[in-house]
Amino acid sequence: MSNLTPHLLATQFLELPLNNPLMNASGVWCSVASQLEALTESAAGAMVSKSCTLQPRDGNPEPRYRVLDGENQPFGSINSMGLPNEGFNYYLRYAQRHDYEAKPLFISLSGLTLDDNLTMVDALKDAVLPALLEINLSCPNVPGKSQTGYDFEAMDMMLAEVSSGYQRGFGVKLPPYFDMAHFDEAAEILNRYPLVAFVTCINSIGNALAIDLDSETTLIKPKDGFGGLGGDFVLPTALANVNAFYRRCPEKAIIGCGGVKSGRDAFLHILAGATLVQIGTSLLEEGPGIFPRVQTELAAIMVKKGYQSVDEFRGKLKTL
Ligand code: DHB
């Protein structure tokens, strides 16, 4: 990485200074302490822990993640992990010893019920940590449970209850939306809650089906092969959601997630309005060495275009 890179990529998220705008997507490299420590040591500018439930969970039966390798198909992944995680207390303990000087830490909560979320929110509030709270409204992989982000009444109630319980700024992880009326309605709900300080777009495109031609079999086992899609398939949907919420929620920061494997992809997310850019599938496949690679590529694009900071082009997407 050139010496200029850290200066070029330095930015702020809700007034926190960051070395660069890249971080992991929740679920990738963040389930156990050794992975969280590796992210702390990595070149990532921030990091988020695995979405957790009140109690530890084993998750769905394996195989539950498969890479779509890009050889006879686009590069991507399908997963139906089913929220395997060490339980809230484990991530709380990690958050109590995280090196916040190194980089900010987001804690992602994905309680199985509203009450479970409120119990975790209460404990996080009482712990008085610099960690940032993200409520995941979009886990697509628990059999029999629908996503809160697709039930606007439940989403409104969740935001009301978390706002009054937490009494500090927090964020939400949203599923992708595909209809202008849904962008409008979701944004209108988010804008009712001033404590919703950031919005992460998008979670995986839920309930895709990947099939192996030779064996005529699904690639993953849970839910008859249905799972969340990531990688190249989702980049345009992610950019649309980032930009839709950037336009509609001017008081909130947007975190972009979906389809990022290069500096080009990260640039496009920022141009669409993202302040931070997450890497999921490609981080899982390439490891934390992806961060310096994508940073170098992003910085090279900026130098070529004459941009001296990411703030100069954030949200500056042009339309025809
Ligand atoms: C899981 C998947 C998600 O997309 C998510 O947001 C949370 C959990 C999972 O299957 O573990």
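Read the numbers this way: they start at 1 and go in the same order the structure lists the ligands and their atoms. Note that the structure is a prediction, hence the values are computed from the model and not measured.
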E41/K103 salt bridge by N-O under 4.0 Å criterion: no

Between ligand 1 and G228, can you find any atom pair, the residue atom being a heavy atom, that is separated by under 4.0 Å? no

Hey, are S262 and D265 close enough side-chain-wise for a donor-acceptor pair under 3.5 Å? yes

If you have a sec, work out which protein heavy atom is nearest atom 2 (C) of ligand 1 and how many Å separate them, to one decimal? N141 ND2, 3.4 Å

What is the nearest protein non-hydrogen atom to atom 5 (C) of ligand 1, stated with its residue, atom name and distance? N136 ND2, 3.5 Å

When you measure from atom 8 (C) of ligand 1 to every protein heavy atom, which one gives the shortest distance, and what is it? C139 SG, 3.3 Å

min-distance protein heavy atom vs atom 4 (O) of ligand 1 -> N203 OD1, 2.6 Å

With a 3.5 Å cut-off and no angle check, do the side chains of N60 and N141 form a donor-acceptor pair? no

I'd like to check which ligand 1 atoms, numbered from 1 as shown, lie under 4.0 Å from a non-hydrogen atom of P84. 11 (O)

Atom 3 (C) of ligand 1 - nearest protein heavy atom and its distance: P140 CD, 3.6 Å

Pick one of side chain, backbone, both or neither for how K50 approaches ligand 1, counting any non-hydrogen atom pair under 4.0 Å. side chain

Assess whether a salt bridge exists between R314 and D311, defined as any Lys/Arg side-chain N lying under 4.0 Å from an Asp/Glu carboxylate O. yes

Which atoms of ligand 1 sit under 4.0 Å from any heavy atom of G82? 9 (C), 10 (O), 11 (O)

Just checking F267 against F313, ring centres under 6.0 Å apart? yes

Does this structure show an ion pair linking E286 with R293, if we count only N-O contacts that are shorter than 4.0 Å? yes

Are a donor atom and an acceptor atom from the side chains of S108 and N136 found within less than 3.5 Å of each other? no

Does ligand 1 have a heavy atom under 4.0 Å from the side chain of L83, from its backbone, from both, or from neither? both

